[in-house]
Number of protein chains: 2
Amino acid sequence: MSRATTLEQVAERAGVSRQTVSNALNAPEKLRPETLERVRQVIDELGYRPDTRARGLRTRSSGLLGYCVAQRQDGSVNVFMDRFLRALTTEVERTGRHLLLFTAPEGEAGLSVYDDLLARSAVDGFVLSDTRPGDPRHAWLRDKGVPFASFGRVWSDEPQPGPWVDVDGASGTAQAVEHLVAQGHTSIGFLGLPEGNPVGDDRAAGWRRACAEHGIEAGERMLARSADEHRDRGEAAGRLLDSEPRPTALVAANDAIALGAYEALEARGVRPGLDVALTGFDDSPTAAVVRPGLTSLHQPIDRIAERVVRLLDRPEGEPGELLRPELIVRASSSSGNDDGGQS
Amino acid sequence: MSRATTLEQVAERAGVSRQTVSNALNAPEKLRPETLERVRQVIDELGYRPDTRARGLRTRSSGLLGYCVAQRQDGSVNVFMDRFLRALTTEVERTGRHLLLFTAPEGEAGLSVYDDLLARSAVDGFVLSDTRPGDPRHAWLRDKGVPFASFGRVWSDEPQPGPWVDVDGASGTAQAVEHLVAQGHTSIGFLGLPEGNPVGDDRAAGWRRACAEHGIEAGERMLARSADEHRDRGEAAGRLLDSEPRPTALVAANDAIALGAYEALEARGVRPGLDVALTGFDDSPTAAVVRPGLTSLHQPIDRIAERVVRLLDRPEGEPGELLRPELIVRASSSSGNDDGGQS
DNA sequence: CTGTTAGCGCTTTCAT
DNA sequence: ATGAAAGCGCTAACAG
């Protein structure tokens with residue numbers, strides 16, 4: 001691993017001063033075209049690239065954005081987060097930086113990890129995700145004046161600290177309801193997340209609102225919460241299916257719960273998509289693979305990544321941004337219309 | 001965002017020279033216990049952390065390992081890779097470094113990205129994954145003397161360049177066959193990956209070997225390759241099921257194909273787990289969710305991450321390491337034994 | 001438009 | 001055991 005080329009070597013070879021080479025890179029308009037050309041040629045010849053550490057030391061930057069990968073205690077995976085990370089990596093690169101991955105405990109305890117990274121000047125800022133109610137990171141970073149942007153809101157009483165991007169869950173479930181109404185359904189139940197989950201509440205609100213607009217009942221009687229979204233086996237769906245009158249359609253707060261509902265349906269001899277319509281949320285890979293294909297709401301991942309990075313760099317504009325998910329219709333909600341593929 | 005504490009500030013406050021503070025951090029045994037204690041106290045007081053850029057500039061290191069996230073052209077996700085990335089992040093942190101994420105085109109074209117990172121001294125080395133036949137990265141990095149380790153082999157004619165860790169696919173499918181034989185099966189088909197895929201060939205070899213040991217037929221007649229693993233809808237499985245005599249068990253090269261086979265089975269009124277046994281490979285989240293639960297081979301992710309980082313730092317030992325996957329038995333291969341949960 | 005000087009914060013080398 | 005000097009590779013600020 002030979003030593004990398006330095007600015008000085010380029011300067012000598014091109015017969016100019018170090019500073020001129022530096023300018024060729026950072027302020028080319030300051031050079032006479034012919035000098036610029038010559039310097040550039042030597043740079044190419046030598047394959048010179050400025051050392052990020054030296055440059056960072058001088059400019060007080062690192063060219064790195066920190067991103068904390070959540071350690072899921074239950075060993076479950078969030079496929080959606082994987083796709084987001086890929087999109088984010090691409091987007092950060094587009095702005096000439098890179099992503100630095102790290103882990104941290106949840107809540108207050110994790111702040112020291114953020115503090116450490118900052119104290120060492122290892123990162124220029126953070127992209128936050130996996131936000132939780134009462135998440136302390138946002139306010140803490142804001143108070144420190146650290147650049148950051150969040151995918152997901154904090155959902156506390158105070159206004160959201162700092163720039164954020166989120167998916168409009170209510171709009172999503174409302175779309176699902178509209179779609180089901182268009183199929184002729186007039187009795188639409190909701191399979192919710194455990195009580196107090198703000199994402200779940202948001203998604204339930206959209207269902208409630210859209211139902212109200214169509215004069216469809218959307219009271220507690222039509223809503224069943226899953227006790228544990230990751231291991232849902234359709235108990236909640238079962239409760240709704242065993243109630244009278246049985247709803248003809250179910251909107252689930254996410255794909256995991258919708259998938260659990262398949263079981264409850266099958267156990268009762270009810271065919272998803274034919275006898276009872278079903279929609280999910282997240283458009284997980286499983287949604288396209290399962291039979292019948294699960295209609296689900298696709299989150300605009302690339303756009304989220306793009307917006308979050310932009311907001312991190314230019315926080316002065318909108319405080320936040322709500323993106324609409326897109327309904328991907330498959331056979332679980334409209335037999336004969338299954339596209340069978342992935343979104 | 002106030003300026004971070006420097007070594008000099010600590011030195012002044014502690015009444016020692018800069019060098020002494022540096023030693024307190026990097027060579028504490030060189031200090032008199034009382035001095036060390038005093039310096040440490042000031043460090044804590046001020047929350048001092050050495051600047052990674054300055055230190056790196058001096059020590060010719062960056063404290064970062066590069067990891068390329070594959071951009072899947074077909075938009076598919078590899079859940080397994082997501083879990084590996086989490087494990088890797090944790091493992092790299094354990095050694096006091098961090099992971100730097102980047103993207104690069106496949107093949108030769110991507111090498112310039114690696115080169116760029118190296119020229120800028122942005123990383124100290126690389127962890128490679130998503131290896132492909134003829135992958136040029138390994139030999140290229142080895143020739144440059146860059147530290148690296150690979151999860152996955154290159155599968156070319158020459159010996160594998162550089163340290164690697166991989167999962168023993170043949171051992172996995174052999175385990176599956178043993179399990180099926182123990183259930184009384186004597187006619188076991190194999191659902192393979194497209195021709196020429198070395199991972200698929202490896203997994204097929206284990207099936208063939210284990211079948212041979214039990215005097216079970218494992219010729220081409222019992223093997224059906226999937227044309228496209230991501231969109232498999234069970235055509236290959238269908239061919240095997242329609243042949244005479246119909247196999248009573250199927251070993252699939254991965255979960256996606258096994259999941260496709262569910263359809264082929266159901267289309268023929270054959271119940272997976274009851275009429276025909278089925279096993280997958282990868283132990284994807286879907287395997288635990290689908291009904292009946294899919295028996296599958298779990299890859300030891302944490303161990304892979306641990307070994308790959310160790311080999312990167314100490315490449316002198318074994319050239320490579322083959323890890324055994326673990327068979328997770330669910331109802332698809334032994335009705336009544338479904339644990340229903342995730343691994 | 002180009003060159004010189006200074007210094008970012010740290011560790012290495014060499015004195016003491 | 002502690003300190004002083006030098007310099008890693010770069011860019012900001014100024015001089016010419």
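Every value quoted in this text rests on a predicted model; they were computed, and no experiment measured them. Below, chain A is the first sequence line, B the second, and so on; all start at residue 1.
From the 5' end on, the contacts that DNA chain D makes with chain B at under 4.0 Å to a non-hydrogen atom open and close at D/dA1 to D/dG9.
A distance-only check finds no donor-acceptor pair linking the side chain of A/Arg53 to the backbone of B/Arg120 [under 3.5 Å]. B/Asp166 places no side-chain N or O within donor-acceptor distance of the main-chain N or O of B/Leu322, the cut-off being under 3.5 Å. Side-chain atoms of A/Asp135 come within 3.5 Å of backbone N or O of A/Arg132 as a donor-acceptor pair.
Ring planes of B/Phe126 and B/Phe102: perpendicular class, angle over 60° (limits at 30 and 60°).
Close to C/dG9, at under 4.0 Å from its OP1 or OP2, lies a side-chain N or O of A/Arg60.
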Anything under 3.5 Å between a protein N or O and an N or O of nucleotides 1-3 of chain C, put it in a table, one pair a line.
from: C/dT2; atom 1: OP1; to: A/Arg32; atom 2: NH2; distance (Å): 3.4
from: C/dT2; atom 1: OP1; to: A/Thr35; atom 2: OG1; distance (Å): 2.5
from: C/dT2; atom 1: OP2; to: A/Arg32; atom 2: N; distance (Å): 3.0
from: C/dG3; atom 1: OP2; to: A/Ser17; atom 2: N; distance (Å): 2.8
from: C/dG3; atom 1: OP2; to: A/Ser17; atom 2: OG; distance (Å): 3.3
from: C/dG3; atom 1: OP2; to: A/Thr20; atom 2: OG1; distance (Å): 2.8

Mind running side-chain contact (heavy atoms from CB on, under 4.5 Å) on A/Arg97 and A/Leu64 for me, showing each step along the way? CA-CA 6 Å; A/Arg97 290 167 294 187; A/Leu64 261 22; over 6 Å; no
Between B/Asp51 and B/Arg55, is a side-chain contact (heavy atoms from CB on, under 4.5 Å) present by the stated rule, with each step listed? CA-CA 6 Å; B/Asp51 183 302; B/Arg55 169 178 272 185; over 6 Å; no
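Atom CZ of B/Arg58 is separated from atom P of C/dT11 by 10 Å (rounded to the nearest Å). C/dC8 atom C1' lies 13 Å from atom CG of B/Leu7, rounded to whole Å.
Side-chain polar atoms of A/Ser62 and A/Asp124 form a donor-acceptor pair below 3.5 angstrom.
Atom CD of B/Glu158 has 12 or fewer heavy atoms from other residues, nucleotides or ligands within 6.0 Å.
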